[in-house]
Amino acid sequence: MRKTPFHLVEMSPWPLISSMGILSMPVGLILYLRQGNNNLLIIGIILTAVVAYLWWRDIVRESTFQGHHTTYVVSGLKLGVSLFILSEVCFFFAFFWAYFHSSLAPTVEIGSVWPPVGIYTLPTFSVPLLNTSVLLLSGVSITWAHHAIEEGNYQTSLQGLFTTVILGVYFLFLQYGEYMETSFSIADGIGSAFFMATGFHGLHVLVGATFLFVCLIRLFNFHFSKNHHVGFLAAAWYWHFVDVVWLFLYVSIYWWGS
């Protein structure tokens with residue numbers, strides 16, 4: 001294996017193809033909104049999903065069967081995940097900025113008060129608090145699974161990871177029920193701030209739960225060991241990020257905003 005200044009251990013077509021798929025999605029969305037043509041958007045989504053599967057499949061093979069993931073490569077993967085999470089922090093920062101910009105100085109269009117006139121907020125200590133408890137508990141279970149892997153306790157790590165996946169799915173179920181009970185929609189002006197912030201967080205929970213489910217399958221197939229489990233570590237970092245973002249959402253939107 002040649003020494004490279006990046007984490008790819010062999011030539012790969014996926015970075016170029018994935019960039020084409022990712023670029024196709026926003027361009028396709030614009031075409032769909034302005035011209036009603038969703039062909040490019042659908043192609044971009046399918047291409048990105050297929051490339052993601054194939055690229056991660058190759059990474060799993062490099063790590064598990066080919067043994068290419070040296071400490072040098074692992075450090076590059078960890079740095080990549082860290083920078084990705086940092087970009088996600090910036091992504092959610094924009095939603096918090098929009099929310100506080102509207103709530104701290106409400107305009108006359110929304111009645112110069114917060115919450116806006118005609119908007120009835122959700123009960124702070126009802127489903128939102130239950131969702132918070134579910135995610136906090138999932139943070140405990142993923143940490144439990146992590147420590148079990150580091151100790152070589154295979155059965156306990158499976159239990160902790162399975163519990164985390166179930167809690168993530170339960171969170172999505174509760175959020176769906178919450179959306180069905182709201183007295184406003186994404187079309188109600190500033191109500192879009194609520195659905196954009198919490199909706200994108202729900203999307204991140206879905207991605208994180210999928211990530212953890214794949215890790216569960218890999219753990220069941222003995223892909224992780226005490227000294228080599230960078231795939232699980234990336235999923236755990238991402239899940240903790242999702243937990244922290246929800247805490248900020250709960251405090252600012254559900255509690256303070258009500």
Output, in order, the C-alpha distance, side-chain angles, deciding distance and verdict of side-chain contact (heavy atoms from CB on, under 4.5 Å) for Phe232 and His223. CA-CA 10 Å; Phe232 172 84; His223 286 188; over 6 Å; no
Might you work through the side chain to side chain donor-acceptor pair (under 3.5 Å) test for Trp55 and Ser12, ending with a clear yes or no?
CA-CA 8 Å; Trp55 195 352; Ser12 173; 4.6 Å; no
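- The aromatic rings of Phe194 and Tyr254 stand perpendicular to each other, their planes meeting at an angle above 60°, with 30° marking the opposite boundary.
- Nearest heavy atom pair, residue Leu249 against residue Ala197, reads CD2-CB, 3.9 Å.
- Judged purely by atom type and a 3.5 angstrom limit, Ser63 has no side-chain atom pairing as donor or acceptor with the backbone of Ile59.
- The distance from the OG atom of Ser252 to the OH atom of Tyr99 is 6.0 Å, given to the nearest 0.5 Å.
- Legend: residues meeting side chain to side chain donor-acceptor pair (under 3.5 Å) with Thr64, ordered by chain and number and at least two apart, are Arg218.
- Results of the side chain to side chain contact (heavy atoms under 4.5 Å, CB included) test with Thr163 over Leu167, Val165, Leu161 single out Leu167 as the only residue that passes.
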Begin from the C-alpha positions of Phe84 and Ser87 and carry the test side-chain contact (heavy atoms from CB on, under 4.5 Å) through to its verdict. CA-CA 5 Å; Phe84 170 70; Ser87 71; 4.0 Å; yes
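- Listed for the Thr48 side chain is no donor-acceptor partner under 3.5 Å among the backbone atoms of Ile45.
- Closest of all the heavy-atom pairs between Ala148 and Ser157 is CB-N, 3.5 Å.
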Dump the intermediate steps for side-chain contact (heavy atoms from CB on, under 4.5 Å) on Ser103 and Trp256, then the final yes or no.
CA-CA 10 Å; Ser103 59; Trp256 180 83; 3.3 Å; yes
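- When side chains are defined from C-beta on, Leu122 does not count as touching Val127, because their heavy atoms never get closer than 4.5 Å.
- With rounding to the nearest 0.5 angstrom, the CG atom of Leu23 is 11.0 Å from the CG atom of Leu47.
- Tyr170 places no side-chain N or O within donor-acceptor distance of the main-chain N or O of Asn131, the cut-off being under 3.5 Å.
- Taking a 6.0 Å sphere around CZ of Phe213, one finds it holds 12 or fewer heavy atoms contributed by other residues, nucleotides or ligands.
- Leu216 places a side-chain heavy atom less than 4.5 Å from the side chain of Leu158.
- For the residue pair Pro106 and Val113, the shortest heavy atom distance occurs at CB-O, 3.6 Å.
- If you take NE2 on His229 and CG on Leu219, they are separated by 10.5 Å, rounding to the nearest 0.5 Å.
- When the shell of 6.0 Å around CZ of Phe162 is examined, it contains 12 or fewer heavy atoms from other residues, nucleotides or ligands.
- Heavy atoms from other residues, nucleotides or ligands lying under 6.0 Å from CH2 of Trp114 number more than 12.
- Across all their heavy atoms, Asp243 and Ser138 have their closest contact at OD1-OG, 3.7 Å.
- Thr198 and Tyr179 share a donor-acceptor pair across their side chains, judged by distance under 3.5 Å alone.
- Using modelled atom types, one side-chain atom of His201 and one backbone atom of Val242 make a donor-acceptor pair closer than 3.5 Å.
- Checking side-chain atoms of Thr164 against main-chain N and O of Ile142 turns up a donor-acceptor pair under 3.5 Å.
- The aromatic rings of Phe171 and Trp246 stand perpendicular to each other, their planes meeting at an angle above 60°, with 30° marking the opposite boundary.
- Contacts of Glu150 classified as side chain to side chain donor-acceptor pair (under 3.5 Å), with partners at least two apart in sequence or in another chain: His146.
- Counting heavy atoms from C-beta on, the side chains of Thr132 and Leu247 come closer than 4.5 Å.
- Minimum heavy-atom separation, Gly168 to Trp239: CA-CH2, 3.8 Å.
- Ring orientation note: the planes of Phe95 and Phe91 are nearly perpendicular, at an angle over 60° on the 30°/60° scale.
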Test side-chain contact (heavy atoms from CB on, under 4.5 Å) applied to Tyr238 and Val207, step by step = CA-CA 9 Å; Tyr238 186 82; Val207 172; 4.0 Å; yes
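- A donor atom on one side chain and an acceptor atom on the other are not found under 3.5 Å apart for Thr156 and Trp144.
- A donor-acceptor pair is defined here as one N or O able to donate and one able to accept, closer than 3.5 Å; no such pair exists between the side chain of Tyr154 and the backbone of Ile149.
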